[in-house]
Amino acid sequence: MSISIRAIRGFRDIGPDEAYRHRFIEDQARDHFSLYGYREVRLPILEPTELFARGIGEGTDIVEKEMYTFQDRNGTSLTLRPEGTASAMRAYLEGGWSAQGGIAKIFYHGPMFRYERPQKGRYRQFYQIGLEAIGGAGPLVDAEVITLLSRFFNKMGVDDVRILVNSLGCPSCRPVYRQALVDFLEGVEEDLCSNCVRRITVNPLRVLDCKVPSCREAMDGAPGMLSFLCADCREHFSKVQEVLEAAGVVSTVDPGIVRGLDYYSRTAFEAVCDRLGAQSAVAAGGRYDFLAAEMGGDAPGIGFALGVERLAMLMDWESRPSPSLDFFVAAATPASRTPVLRLAERLRAASKAVGIDLEEKSLKAQMRQAGKTGAARVIILGDDEMRSGTLQIRDFTTGNQETVTEKEFFRSFCGEPSPTKGES
RNA sequence: GUGAGCAUAGCUCAAUUGGUUAGAGCGCUGGACUGUGGCUCCAGAGGUUGAGGGUUCAAGUCCCUCUGUUCACCCCA
């Protein structure tokens, strides 16, 4: 088609079927997270550019080339949020949420924006459900967050998601490891792809998860972060694993888990599924004990972000059809059009979902429409019925049709709790 | 930002070595059934072949440019 105005690249319209799926996921997440004491918050979509520049890190891809940044009418630089954690921390510090004592357990959902080339499972506006536990530094918090996430996938019926965990160390041990890694990489530089050679200076940790076979081979004897962890980090990580195991959460230690955002420390984790194509992560997160300091505060925290589109791609929706109408009221004759409206309104007042024809189509066309919209029953009203005060009730699942008086009908469907079934 | 593929009806796709009126399925509308869906049969509506230029007697088909889109790299949810 040649309509002249289209949605901009990477921005999509989410139609009724997909919106229903998003809504379903969000509702389930809300229920599930609240079982662990997390409460929903709503955060701005627009923030000062500085929040992300400092929080996420100046050298990261997100800040360098993926942000939607522009000036408002005052000339201040604003950015459409590329992720939620920085905002959550800002809100925590600004709103004094720590004053309530204990760990602030919050979650949120909504659109994020990144100026990337779209591909499967990746859009410029995409939806995340984020969860953060701010104010707790101990390994039990990490374990709870990962457990909650893992259980959520189970609950959504997605069983082939793997949980990968790693420890990134802290400011006292990570630099030591980084140096050791750089030393190693410089020794095998000729065997690395050109990309990885560049990474040695830009972000050496990234070489760890390069997919080029020759790089993997070259990385065979590379030092691992885990053997460089300081005593505190080592203990923290092993405690996390211990508790996860006790909770029955299956996870795999993967030294290749390297978060792209600067603020992560210690525990990092990822939920991946190989049915997603190249964008295999459906959720990812980690601990960010030094993020608050970038904003002039001080609070440890851990959290994750879940990609709603990606989770929706993994779920089996065949067995979860969208809800359909309870009734379709068809007008058999022109004179019954108005009575049909009245009847439909009466049913809707009793919280029944009711469809009617608004295009004055033939009865046959109305029946077809009713079948297509998936109505459970059709009520037919025409001259004969009006004369006798009855209705034709046709059950579309069985094909049976019966004549009942209007009184009877309302008694059984809108009076006492219906003995047939509670549909929706 | 880089690379490759694709672009034909509302949707999914056909169309011979370039060849005359661009087809089919699904969907839509109507009919067979003067007030009854799903199955079947019949009919109808629906296209500037993404846009622009070029080669040719002739272009959906070949060439160039642009735009869009998909997948991958990169990166990430």
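Below, read A as the first sequence line, B as the second, and so on, with proteins coming before strands; counting in each chain starts at 1. Here the structure is a predicted model, which is why all the values come from computation and not from measurement.
With a cut-off of 3.5 Å on both Watson-Crick or G-U wobble distances, the partner of B:C71 is given as B:G3. A 3.5 Å limit on both hydrogen-bonding distances identifies no Watson-Crick or G-U partner for B:U49. Look at B:G18: it lacks any Watson-Crick or wobble partner with both distances under 3.5 angstrom. If you check B:G35 for Watson-Crick or wobble pairing at under 3.5 angstrom, you find it has no partner at all.
A close approach under 4.0 Å does occur between a side-chain nitrogen or oxygen of A:Lys361 and OP1 or OP2 of B:U29.
Comparing A:Asp384 and A:Phe126 against RNA chain B, the residue whose closest nucleotide sits nearer the 5' end is A:Asp384. When the nearest nucleotides of RNA chain B are assigned to A:Ala365 and A:Gly371 by heavy-atom distance, the more 5′-ward of the two goes with A:Ala365.
Side-chain contact between A:Thr267 and A:His236 is present, with heavy atoms from C-beta onward closer than 4.5 Å. The side-chain heavy atoms of A:Thr49 and A:Met67, taken from C-beta on, include a pair separated by under 4.5 Å. Proximity of A:Met367 to A:Val378: side-chain heavy atoms (C-beta onward) are separated by under 4.5 Å at one or more points. No side-chain heavy atom of A:Phe327 sits under 4.5 Å from any side-chain heavy atom of A:Ile393.
As a whole-Å value, the separation of A:Arg6 CZ from B:U69 C1' is 9 Å. Straight-line distance from the CD atom of A:Gln279 to the P atom of B:C71: 10 Å, rounded to whole Å. In this entry the distance linking OH of A:Tyr115 with C1' of B:C75 reads 15 Å, nearest Å. For A:Ile356 and B:U36, the CD1 to P distance is 20 Å, given to the nearest whole Å. Spacing between atom CZ of A:Arg368 and atom P of B:G35 amounts to 13 Å, rounded to whole angstrom units. Across the protein-nucleic acid pair, A:Gln369 atom CD and B:G37 atom P stand 14 Å apart, rounded to whole Å. When rounded to the nearest whole Å, the span between CZ of A:Arg124 and P of B:U70 equals 11 Å. When the P atom of B:G35 is taken as reference, atom CZ of A:Phe328 falls 16 Å away, rounded to whole Å.
The same atom, P, is picked in B:A32 and in B:G46; the two are 23 Å apart, to the nearest Å. On the C1' atoms, B:G30 is 48 Å away from B:A72, given to the nearest whole Å. Straight-line distance between the P atoms of B:G27 and B:C6: roughly 30 Å, to the nearest whole Å. Between the P atoms of B:U61 and B:A7, the separation comes to 11 Å (whole Å). Here, B:C13 and B:U17 have their C1' atoms 23 Å apart, quoted to the whole Å. For the P atom pair drawn from B:U48 and B:G23, the interatomic distance equals 15 Å after rounding to whole Å. Between the C1' atoms of B:G52 and B:A14, the separation comes to 27 Å (whole Å). Of the P atoms belonging to B:A59 and B:G53, the separation is 14 Å, rounded to the nearest Å.
Residue contacts shown for A:Ala284 are limited to sugar-phosphate atoms, with no base heavy atom under 4.0 Å away. Residue A:Phe396 is in base contact, counting any heavy-atom pair closer than 4.0 Å across all strands shown. As judged by a 4.0 angstrom heavy-atom cut-off over every strand, A:Lys364 is placed among the base-contacting residues. When heavy atoms are screened at a 4.0 angstrom cut-off, A:Gly130 is found touching no nucleic acid atom at all. Among the heavy atoms of the strands lying under 4.0 Å from A:Arg310 is at least one base atom, whether or not backbone atoms are also near. Among the protein residues, A:Glu270 comes within range of no part of the nucleic acid, since none of its heavy atoms lies under 4.0 Å from any strand.
Residue A:Arg117 places its side chain closer to B:A72 than to any other of B:U69, B:G35, B:A72. Each of B:C75, B:U70, B:A77 was ranked by its minimum atom distance to the side chain of A:Glu309; first place goes to B:A77.
Applying the 3.5 Å distance criterion, the base of B:C71 shares no donor-acceptor pair with the side chain of A:Arg122. With hydrogens and angles left out, the side chain of A:Glu64 and the base of B:C75 share no donor-acceptor pair within 3.5 Å. Within 3.5 Å, a donor on the side chain of A:Gln401 pairs with an acceptor on the base of B:U36, or the reverse. Interface remark: the A:Arg394 side chain does form a donor-acceptor pair with the B:G37 base, using a distance-only criterion of under 3.5 Å.
Between the side chains of A:Tyr92 and A:Glu132, no donor N or O sits under 3.5 Å from an acceptor N or O. A side-chain donor from one of A:Glu144 and A:Tyr38 sits under 3.5 Å from a side-chain acceptor of the other.
A salt bridge links A:Arg337 with A:Asp357: at least one charged nitrogen is closer than 4.0 Å to a carboxylate oxygen.
Open room surrounds OH on A:Tyr115; 12 or fewer heavy atoms of other groups in view lie less than 6.0 Å from it.
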